[in-house]
Structure formats: structure tokens, C-alpha cells
Trainee: 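Quick one: structure below, then a few questions.
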Amino acid sequence: MSASPSESAGRPTVSEREARQVAEAAREQEWRKPSFAKELFLGRFRLDLVHPHPTPSTEAAQRGEEFLAKLRDFCETKVDGALIEREGRIPDEVINGLKELGALGMKIDTKYGGLGLTQVYYNKALALAGSASPAIGVLLSAHQSIGVPQPLKLFGTDEQRERFLPRCARTDISAFLLTEPDVGSDPARLATSAVPDGDDYVLDGVKLWTTNGVVADLLVVMARVPKSEGHKGGITAFVVETNSPGVTVENRNAFMGLRGIENGVTRFHQVRVPAANRIGPEGAGLKIALTTLNTGRLSLPASCVAAGKWCLKIAREWSAAREQWGKPIAHHEAVGAKISFIAATTFALEAVLDLSSQMADENRNDIRIEGALAKLYASEMGWLIADELVQIRGGRGFETAESLAARGERAVPAEQVLRDLRINRIFEGSTEIMHLLIAREAVDAHLTVAGDLIDPEKSLQDKAKAGANAGVFYAKWLPKLVAGPGQLPVSYGEFKHEVDLSPHLRHVERHARKLARSTFYAMSRWQGKMETKQGFLGRIVDIGAELFAMSAACVRAEMLRSQGDHGREAYQLADVFCRQARIRVEELFNRLWTNTDDLDRTLVKGVMSGTYAWLEEGIVDPSGEGPWIAETAPGASKKDNLHRPIR
């Protein structure tokens, strides 16, 4: 019998349980700081953790605003977004201009030559740059949010920071390499190897979708170190120089959107990497990757906020100019409802982003769930916003900006925004994976006290002990879910002004308790099978996301009111958003128990067994020939090196 492609490529064969164990080991297991979102999922509405809304220091704000002014001038005078879209590449002179501006070092400490911006202003800068060209936003965020600077900031040695961060701040572009052709969200099957050899490691393997990889000077590479004498082994992170012998960029990938990004396939063949370039200990690679993403994921909501603001601008201007049946289309209820959704949701997305970012800057709270919720919620809602804009624009929304200009109309790239935003539901953790990741954290308290009860490998003695611990925990916890401030008409009165937001916060408090009760009931009902109920878990997370967004919107509105900065209008936006969100929350709660999940599973079995293959008849499949997943056996590259450093 011949070996399977994965076996021939040296890819580990792992069971579902083993894969889960690898993912679990990479989690941050402890909670050393409070978390607003974690408390929300436990039924505790800790408004004190987010209100009053945290704000940046005067010095940080001044430094950030000064850079934003320079970046805005650069984007308005040096960046041609239409050219980047048309040619599918950011001009070298634009990238070099960003380097001179210091944009590569926005998040890097000033002592290493960076700008030392806060997370809040870093995200504002990404939103601004991304509005000029989404490809530029991706270039900058991939370099700083998940590339070399962030892992070194969190886990690097002083010597590593001194060696690499000055380069990253001014001249060198970096990339993050985890995904492989046959490995996405299941890193237990990672095949790229790093074999110890003296003072070096020897890397072999292939990495896919290496954003910035085509032009990067430095790479963060995740590779598996085999266990041996003196080596713990496991998935490990390394800084790799892209010009090292044996590193080959084999392809520059092309996509539906983000056409200017430098994303490729990178092969490593007998690449020698000094042990001094290892980030953290052996086996810590996945934990480093996940921890990096806690704040790194906030770059995606930044792009969604920018898109929302632009969509609102275009929707407003177009809907005032376009008339149907004797009046502007904005005054027709069917279109007006879409504009209301875009405006209210954009306000909420910015509230979620700024609150999460400011909490990351203050470092008083653990924001691993908040960051994940921000990414999940913004990517889903941002896509809906762009889709609504295309609908408002009608046929012009489907027409390219270039075509519009060719026939004498304003070149509005609505269809491009839709294409560019679509990847955010997949990037840095797909919506489905984010649901599972957040759900795991949301049920962590339950698994901590009762996990052994549902673990088939635990002994009766362990189960008995777990049962006793669970009894104590739930005896204290469950009674607190019965009543709370959300049932008192005077609660959260400080949010009552011309517009009254206090009912929305009472709604959040009541439904946080209901959410916790629902989770407990599901744990009791399904026990060890809970992890397979992905539809249920996804809805639980979506409810939490809506409650988080409502909280952020109200808190932001009150902050703006107290500062005298469009407070009345902010209250109006927050009120409409919360009313829309409450409808979605009620629907999600209903769907927890009334759904087609069981029927769906049965139907899928039939589809996969060929029962409904007749339904596929009557078409022609235009797909080309070739394997579903490319062969990636280790070895020397047979392709030209497409690496293109920018100097």
C-alpha cells in the first residue's frame, strides 16, 4: 500500500483528540487579570471594568495625532488606490515613502527607532491607510500586528529586540508563517520541521498564504522540533532571514480582493537558522502565536471601521443625489433602513475597537476574549455593511470604479470594498474557528470545575472529586443568575439624558445572566458532547458579541457626551444600534433551542455519501484539473525565487 500524500510529506497523523490536546496546551490557561467579556459570559455584567471609558494620556494622544496628520497627507498626495487595484501591486516608491514616514515602526518602542504609538492610534493609522488602499493597511498590519515586532515585544530576549526591532522600525518588512497547504486551524498536523544541528536548527517545509512573504526581509516561522535528548521539541517559533540559502518564494498568490498584497508560497530546504533566533523555548510556538493574536486581531476591526465610515459617506452622498418617484432614495423607507443600519453599526464597531484597544493599552484587563469578539463581530458586520452599500448603489454598486469613470460617472469602488472585506471573515481565524475559540473561553469556568466529570479517561475517584468541586461552585454561582440590577428601573441612571440608554444596559445585564443559564443548561444536557454542538456554541458567542457591542456603544456615547464631543448624536446612534442589536439577540436566543441542527447533520451525511448526487446534474464544472491540495513534500525548490525585497 502506498503512503498517503500527508504521510509521504512527513506530516504527522493525529486523531481528533490529539489535535484538541495540542490546541488546549497552546491556550493561556490562567486568568491573572479581570476580563469584561469573560464575566459577561458568566452572567456578571461588570460595567465598572469598562466605564468610565478609558482614554489615552495627553502625551500619547498628541504623538498619535501628529503622526496621523503626516500619514493623512501622505495618503492623499502619494497613494493612488485605483492604480494599486488596477496593477495588483503597491508601487515601491509608496512602500519606501511609508518607511521614511516611520509607518513600519508604529507599534515599536521609540528606543528601537519606532514611533511608540498606542494600540488606539496604531489602529486609527491602519484605518486611515487602509481607506486609501486596503493593500497598504494589510502590509502594515501583517508586518506589525503578527510579524516579527509583536512576538519579539512579548517573548523575545533583549538581544533579539536590539538586533531586529530597529530594522523592523525603518527598513525591513516582516511576515508571519504558520499556515501550510494542508494545515489551517489544525496546527497539530504542522509538517515544517526544525531539526537541531549544533548551534543551529535546519528548517524544511512549505508555508502557504504568507502575507508580506513575497517582499519580506524577516519571517516569523512556526516549525516542529523533533523531541530528542536535550530538546523538549514541539512547535517552535523562529526569526528567519528571507535571504538565507534554501528559502524560496515559489508563488505570488492572487485573490478576489486585496489585489495589491504580497502574499505567496514559501519553501524552506535545509535552511540553517541560529538557535539565537528562536523565540521563546521549544514547544512554545503556538502559545506565542495565539498570544500575539490577542491584540494582533484588532487590526482587522480597524479595516472594518474604515470601510464602515466610507460606506456611510457614500451611502449618504449617493442617496441624496439619486431620486426615484419624486424624492431622494434616502427618504424611501426600504433604503433608509439600510442607511440607518450602516450608521448605527459603524458607530458600534468603532466603539468596540476603541474600547478593546484602550483596554489593551492600559493592560489592566485580560482582553483575549474582547479582541477575539472584536475581530469576529467586525468582520461579520463589516461585510453586511458593504453588502448593503452595494444594494443601495444598485447596478452601479456592481459596476467597477474604472467602468464608472469610463462612462463619465464618479469612480466609486463599492464592489471592490465588498471583495476586499470578504477575507476578514477568514483571516486570522475564520468565523467558525473564532466561534469555537471564544466558546472554549466562555465555558472555561465550567470545564475547570466539572471538566473531569465529562472526561472519559478520568477515574471514578477523579470524577467524584470533580463532582464535589462542581457542587460547591454551582451552589454559589447559580443563585446569582436569578436576579440582578437589570430588573431595577433605576439602574444605570447615569446613562439617561435626552436619549435614555439605561434600558439597553439593563437589557445587557439581564441577558448576560440568561446567557450564562443557557450555557449551564447545555453543559448539563450534552456534557462531553458539548464540543460537537458547534451551532449552539456559535449562537452563544454571537449573543455575547452583541451584548459586548451594546455595552461598548453605550459607554462610548457617554464618554463623548461628557467630553462635549457630539454627545447628543452619539446617544442617538447608540440607541438605534442597541434597539437593532436587541432584536438580533432575541432571535439568537430563540435559535438556541429551535433550529435545524440535527436535521442538518443528517442531510450532510446524505450529501457526503452521494445520496443527493443527482441534484448536481445538468451543469458543467469549469474547474481546472489538479489535486485539491498541492503536494508539499520536503526538498529543494524547482521554481524560480520570486522574493522581491524593496529597497
Side-chain angles (χ1 to χ4, degrees), residues 31 34-51 348 352 355 365-366 369-370 372-373 376-377 435 438-450 470-496 500-526 530 533 536-555 574 577-595:
W31 293 85
S35 165
F36 173 79
K38 179 175 182 285
E39 293 292 304
L40 201 63
F41 281 108
L42 285 171
R44 298 189 286 254
F45 181 42
R46 291 286 308 278
L47 185 61
D48 60 294
L49 293 178
V50 296
H51 173 68
V352 166
L355 179 60
N365 295 337
D366 188 321
I369 300 182
E370 286 84 349
L373 285 174
L376 167 70
Y377 194 71
H435 276 153
I438 298 167
R440 173 62 187 86
E441 301 297 349
V443 301
D444 182 57
H446 302 281
L447 293 178
T448 298
V449 299
V472 172
F473 172 78
Y474 289 120
K476 295 180 179 179
W477 180 65
L478 286 172
K480 297 178 181 179
L481 302 182
V482 176
Q487 292 163 292
L488 301 176
V490 296
S491 295
Y492 314 113
E494 67 268 34
F495 289 85
K496 183 176 182 179
D500 189 0
L501 297 181
S502 64
H504 303 314
L505 293 174
R506 291 195 291 272
H507 178 278
V508 172
E509 196 279 334
R510 292 194 307 273
H511 286 76
R513 285 186 281 112
K514 184 177 180 180
L515 183 62
R517 293 195 302 269
S518 300
T519 305
F520 170 73
Y521 175 64
M523 287 284 294
S524 303
R525 177 180 177 181
W526 291 312
M530 179 78 162
K533 304 297 181 179
F536 178 90
L537 292 172
R539 294 175 201 115
I540 286 287
V541 170
D542 286 340
I543 292 169
E546 293 284 4
L547 298 180
F548 176 44
M550 289 173 64
S551 305
C554 291
V555 168
F577 170 76
C578 287
R579 291 177 185 276
Q580 294 172 354
R582 287 170 66 166
I583 294 172
R584 294 191 292 267
V585 167
E586 294 301 330
E587 180 184 351
L588 285 164
F589 268 116
N590 290 335
R591 288 177 56 211
L592 285 179
W593 312 111
T594 305
N595 53 64

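Computed from heavy atoms alone, side chains included, the values below leave out hydrogens, waters and symmetry copies.
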Trainee: Given side chains that start at C-beta, do those of F548 and V352 come closer than 4.5 Å, heavy atoms only?
Mentor: yes
Trainee: Just do the side-chain contact (heavy atoms from CB on, under 4.5 Å) check on H511 and E546 with the steps written out, would you?
Mentor: CA-CA 11 Å; H511 286 76; E546 293 284 4; over 6 Å; no
Trainee: If I compare all heavy atoms of G486 with all of E509, which pair ends up nearest, and what's the gap?
Mentor: N-OE1, 2.8 Å
Trainee: With distance as the sole test, does W477 use its side chain to make a donor-acceptor pair with the main-chain N or O of L42 at under 3.5 Å?
Mentor: yes
Trainee: Any chance you could measure R510, atom CZ, to L488, atom CG, to the nearest 0.5 Å?
Mentor: 10.5 Å
Trainee: Write down the atom of A581, the atom of M550, and the distance for their closest heavy-atom approach.
Mentor: CB-CG, 3.7 Å
Trainee: Distance check, rounded to the nearest 0.5 Å: S518 atom OG versus L588 atom CG?
Mentor: 11.5 Å
Trainee: Using 0.5 Å steps for rounding, measure from the CD1 atom of I369 to the CD atom of E39.
Mentor: 9.5 Å
Trainee: Measuring from atom CD of Q487 to atom CZ of R506, what distance do you get when rounded to the nearest 0.5 angstrom?
Mentor: 11.5 Å
Trainee: Using 30° and 60° as the class limits, which term best fits the ring planes of F520 and Y474: parallel, tilted or perpendicular?
Mentor: tilted
Trainee: How are the rings of W593 and Y521 set to each other: parallel, tilted or perpendicular (split at 30° and 60°)?
Mentor: perpendicular
Trainee: Are the aromatic rings of H504 and F495 close, with centres under 6.0 Å apart?
Mentor: no
Trainee: Using 0.5 Å steps for rounding, measure from the CZ atom of F41 to the OG1 atom of T519.
Mentor: 8.0 Å
Trainee: Please name the pair of heavy atoms, one in L481 and one in R513, separated by the smallest distance, quoted to 0.1 Å.
Mentor: O-NH1, 3.4 Å
Trainee: Can you tell me how far apart CD (E494) and SG (C554) are? Round to the nearest 0.5 Å.
Mentor: 10.5 Å
Trainee: Would L547 and I543 count as a side-chain contact (heavy atoms from CB on, under 4.5 Å) if you check the C-alpha gap in whole Å, the side-chain angles of each, and the deciding distance to 0.1 Å?
Mentor: CA-CA 6 Å; L547 298 180; I543 292 169; 4.1 Å; yes
Trainee: For I438 and L537: C-alpha separation, side-chain torsions, deciding distance, then whether side-chain contact (heavy atoms from CB on, under 4.5 Å) applies.
Mentor: CA-CA 9 Å; I438 298 167; L537 292 172; over 6 Å; no
Trainee: Given E370 and N365, is the side-chain contact (heavy atoms from CB on, under 4.5 Å) satisfied, shown in steps?
Mentor: CA-CA 10 Å; E370 286 84 349; N365 295 337; 5.6 Å; no
Trainee: Between A439 and V541, which heavy-atom pair has the shortest distance, and what is it?
Mentor: N-CG2, 3.6 Å
Trainee: Charged N to carboxylate O under 4.0 angstrom, R582 versus E586?
Mentor: no
Trainee: Shortest non-hydrogen contact from S491 to P485?
Mentor: OG-O, 2.7 Å
Trainee: Where do L49 and S35 come nearest, in terms of heavy atoms and distance?
Mentor: CD1-C, 4.0 Å
